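For reference, positions follow the sequence shown, starting with 1. Because the structure is a prediction, the values reported are computed rather than measured.
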Amino acid sequence: MNRTGTKLKAQLTCRRCRAEVVVCVPVRVASPPEVWCDHPSHGPVDKDARGDLVCPECFNPWHLSGEALIDAIEDSLRRHLDYWARVGSVELKCG
């Protein structure tokens with residue numbers, strides 16, 4: 001049912017222009033199968049010179065890198081597990 005070490009489907013939404021990107025994010029916490037990635041990879045996300053993610057539409061810096069993104073997804077998953085399972089992905093507002 002739940003398992004750790006899984007990639008989750010995450011929808012990143014830019015606060016400035018509302019562009020959306022779906023990515024697979026590896027997490028270290030147990031998660032329901034409803035939010036597991038169904039592809040090896042979803043859309044790519046641009047990065048700035050520091051390696052932080054930026055919006056692919058308006059290039060707004062999201063100030064998220066690998067560990068910060070994983071931590072934000074895991075935190076949101078813990079707080080809203082039932083909701084994300086119903087929706088089928090974890091949404092994160094960025095920027």
Side-chain angles (χ1 to χ4, degrees):
M1 189 174 268
N2 290 348
R3 68 180 184 192
T4 59
T6 299
K7 287 188 176 187
L8 300 188
K9 190 181 325 179
Q11 179 177 318
L12 309 179
T13 305
C14 182
R15 290 183 196 269
R16 180 185 289 170
C17 72
R18 299 195 179 163
E20 297 177 350
V21 177
V22 177
V23 296
C24 293
V25 178
V27 294
R28 302 163 292 235
V29 297
S31 59
E34 292 86 0
V35 295
W36 294 348
C37 254
D38 51 359
H39 298 284
S41 177
H42 285 275
V45 181
D46 295 331
K47 295 180 182 179
D48 64 11
R50 293 185 333 196
D52 288 341
L53 303 178
V54 296
C55 176
E57 295 291 323
C58 69
F59 303 105
N60 182 36
W62 288 347
H63 304 293
L64 284 173
S65 60
E67 280 300 313
L69 176 61
I70 292 168
D71 291 343
I73 294 294
E74 288 176 347
D75 182 55
S76 185
L77 184 65
R78 280 187 209 100
R79 289 185 288 122
H80 308 288
L81 180 66
D82 292 335
Y83 177 74
W84 298 133
R86 282 193 308 273
V87 173
S89 67
V90 178
E91 183 179 336
L92 189 61
K93 303 271 189 224
C94 302

Arg18: partners by side-chain contact (heavy atoms from CB on, under 4.5 Å), with sequence neighbours left out: none
Assigning hydrophobic clusters by single linkage (Ile, Leu, Val, Met, Phe, Trp, Tyr; side-chain heavy-atom cutoff under 4.5 Å), is Ile73 placed with Val54? no
At what distance, to the nearest 0.5 angstrom, does CG of Leu12 lie from CD of Glu20? 9.5 Å
Could you give the side-chain donor-acceptor pairs of residues 58-70 under 3.5 Å, partners two or more places apart or in another chain?
unit_1	atom_1	unit_2	atom_2	d
Asn60	OD1	Arg16	NH2	3.2
Glu67	OE1	Arg28	NH1	3.0

Determine, stepwise, if the pair Cys94 / Cys14 fulfils disulfide bond (SG atoms under 2.5 Å apart). CA-CA 5 Å; Cys94 302; Cys14 182; over 6 Å; no
Minimum heavy-atom distance between Ser31 and Leu8, given as atom pair plus value: OG-CD2, 3.3 Å
I'd like to check the side-chain contact (heavy atoms from CB on, under 4.5 Å) partners of Ser89; sequence neighbours left out, ordered by chain and number. Lys9, Gln11, Val87
Contacts of type side-chain contact (heavy atoms from CB on, under 4.5 Å), residue Arg15, not counting sequence neighbours: Lys93
Mind checking what makes salt bridge (Lys or Arg N to Asp or Glu O under 4.0 Å) contact with Asp48, not counting sequence neighbours? none
How far apart are the C-alpha atoms of Val29 and Leu77, what are their side-chain angles, what is the distance that settles it, and do they pass the side chain to side chain contact (heavy atoms under 4.5 Å, CB included) test? CA-CA 9 Å; Val29 297; Leu77 184 65; 3.8 Å; yes
Is the shortest distance from a Lys or Arg side-chain nitrogen in Asp75 or Arg79 to a carboxylate oxygen in the other one below 4.0 Å? yes
In chain order, what residues pass the side-chain hydrogen bond (donor to acceptor under 3.5 Å, both in side chains) check against Trp84, with sequence neighbours excluded? Ser76
